[in-house]
Amino acid sequence: GDKLSHNEIILQCDLLLVAGNVTTTDLIGNGVKALLDNPEQLEKLRANPGLIGNAVEETLRFDSPVTNSGRLAHESRVIAGCPVQQGDSLTVSLAAANRDPEVYPDPDRFDIEREDTHHQAFGGGRHLCLGAHLARLEAQEAILGLLQRFPHLAHGDKGYVHHAIPSFRGMAEFWVSTRGTG
């Protein structure tokens, strides 16, 4: 019978609009950058657009738009030799988990044909991102549409600048050329 107050509803709506917008924009930018940085992967995607789902999942693993997340310990336990008490606040690195060499062979390689594309970018369980499915679909459509519209897309002369937002990874500026040269 517990209900959200009017203010809590407004705050949740704000969160959904802002978080979903920033992270999806960053996902698209990170994906395009990873493809331009890895021309052999870009060519694989151009030759087989059916790989776009895998390409987005690999982007989420390789260069996730959310790098850290907070959790509260629901029970006392020891994690990797470190005691954690019930109620402790934890910050977990999703970016590090997504590059764990014990989980991902050659974790620093961007590979849109990677067979195991699971990742921690959207959290999991009851902490799974509410907009995960929409973000995937938007990124797939945007990246494919961009590559189809601009077949000679390349890095621009002005490069890129990552924005300075804690726990998020994306670009404030990302310059591209549509003519295949800077």
Side-chain angles (χ1 to χ4, degrees), residues 19-20 22-71 73 77-84 90-148 151 153-155 159-171 174 176 180:
V22 170
T23 54
T24 302
T25 300
D26 288 347
L27 169 58
I28 293 165
N30 294 351
V32 171
K33 181 181 178 304
L35 287 164
L36 294 179
D37 287 349
N38 296 276
E40 73 288 349
Q41 298 300 308
L42 176 59
E43 289 312 310
K44 283 181 187 178
L45 182 58
R46 286 188 193 281
N48 183 1
L51 288 170
I52 188 61
N54 230 49
V56 167
E57 296 306 307
E58 179 67 351
T59 299
L60 287 160
R61 184 203 65 80
F62 183 77
D63 197 8
S64 175
V66 178
T67 59
N68 302 306
S69 187
R71 297 289 183 263
R77 63 179 358 177
V78 176
I79 300 174
C82 181
V84 176
L90 305 171
T91 299
V92 296
S93 175
L94 304 175
N98 286 334
R99 294 279 187 108
D100 184 346
E102 291 184 21
V103 178
Y104 304 101
D106 202 5
D108 295 329
R109 182 172 52 91
F110 181 73
D111 179 4
I112 67 169
E113 294 180 307
R114 188 178 295 271
E115 290 185 24
D116 183 0
T117 61
H118 84 281
H119 52 76
Q120 306 306 313
F122 289 128
R126 70 168 134 180
H127 296 288
L128 180 66
C129 172
L130 183 61
H133 299 297
L134 180 58
R136 284 180 167 113
L137 180 62
E138 289 175 325
Q140 290 173 17
E141 292 296 320
I143 292 170
L144 267 187
L146 184 69
L147 296 178
Q148 289 168 351
L153 193 69
H155 281 290
Y160 62 91
V161 176
H162 281 100
H163 56 62
I165 303 174
S167 298
F168 292 89
R169 181 162 167 84
M171 288 160 286
F174 181 28
V176 296

SB check Asp26 Arg169 (cutoff 4.0 Å): no

Residues which pass salt bridge (charged side-chain N to carboxylate O under 4.0 Å, His left out) with Glu57, listed by chain and number, not counting sequence neighbours: Arg136

Arg109 with Asp106: basic N within carboxylate O range, under 4.0 Å: yes

Residue pairs, two or more places apart or on separate chains, that pass side-chain hydrogen bond (donor to acceptor under 3.5 Å, both in side chains) and touch residues 36-51: Lys33-Asp37, Asp37-His155, Lys44-Glu113

Could you grab the distance from atom CG of Leu27 to atom OG1 of Thr59, nearest 0.5 Å is fine? 6.5 Å

Show me the donor-acceptor pairs within less than 3.5 Å that the side chains of residues 91-101 make with the rest of the protein, sequence neighbours left out.
residue, atom, partner, partner atom, Å
Ser93, OG, Ala96, N, 3.0
Asn98, OD1, Gln120, N, 2.7
Asn98, ND2, Leu94, O, 3.3
Arg99, NE, Phe62, O, 3.2
Arg99, NH1, Asp108, OD1, 2.8
Arg99, NH2, Phe62, O, 2.7
Asp100, OD1, Glu102, N, 2.8

Taking all non-hydrogen atoms of both residues into account, name the closest pair between Gly123 and Leu128 and its distance. O-CD1, 4.2 Å

Please check if the number of heavy atoms outside Leu130 that lie under 6.0 Å from its CG is greater than 12. no

Just by distance, do the side chain of Asn30 and the backbone of Val32 share a donor-acceptor pair under 3.5 Å? no

Which heavy atom of Phe122 sits nearest to which heavy atom of Ala135, and what is that distance? CZ-CB, 4.1 Å

Heavy-atom count around His133 NE2 within 6.0 Å, excluding the residue itself: above 12? no

Taking the side chain from Tyr104 and the backbone from Thr117, do they hold a donor-acceptor pair closer than 3.5 Å? no

Inter-residue atom distance Gln148.CD - Ile143.CD1, 0.5 Å rounding: 12.0 Å

Euclidean distance, Ile112 CD1 relative to Leu45 CG, rounded to 0.5 Å: 4.5 Å

Answer whether the closest heavy-atom distance between the side chains of Pro65 and Thr24 falls below 4.5 Å. no

Hey, is the main chain of Ser167 close enough, under 3.5 Å, to the side chain of Thr67 for a donor-acceptor pair? yes

Here the gap from Leu51 atom CG to Glu58 atom CD, rounded to the nearest 0.5 Å, amounts to 11.5 Å

Which residue is it: His119, His118, Arg114? I am looking for the one with a side chain to side chain donor-acceptor pair (under 3.5 Å) to Asp116. His118

Val78 side chain near Val84 side chain, heavy-atom distance below 4.5 Å: no

Between Ser69 and Arg71, is there a side-chain donor-acceptor contact under 3.5 Å, judged purely by atom types and distance? yes

Rounded to the nearest 0.5 angstrom, the CG-CG distance for Asn54 and Asp111 is 8.5 Å

The side chain to side chain contact (heavy atoms under 4.5 Å, CB included) partner of Leu35 among Leu146, Leu153, Leu42 is Leu42

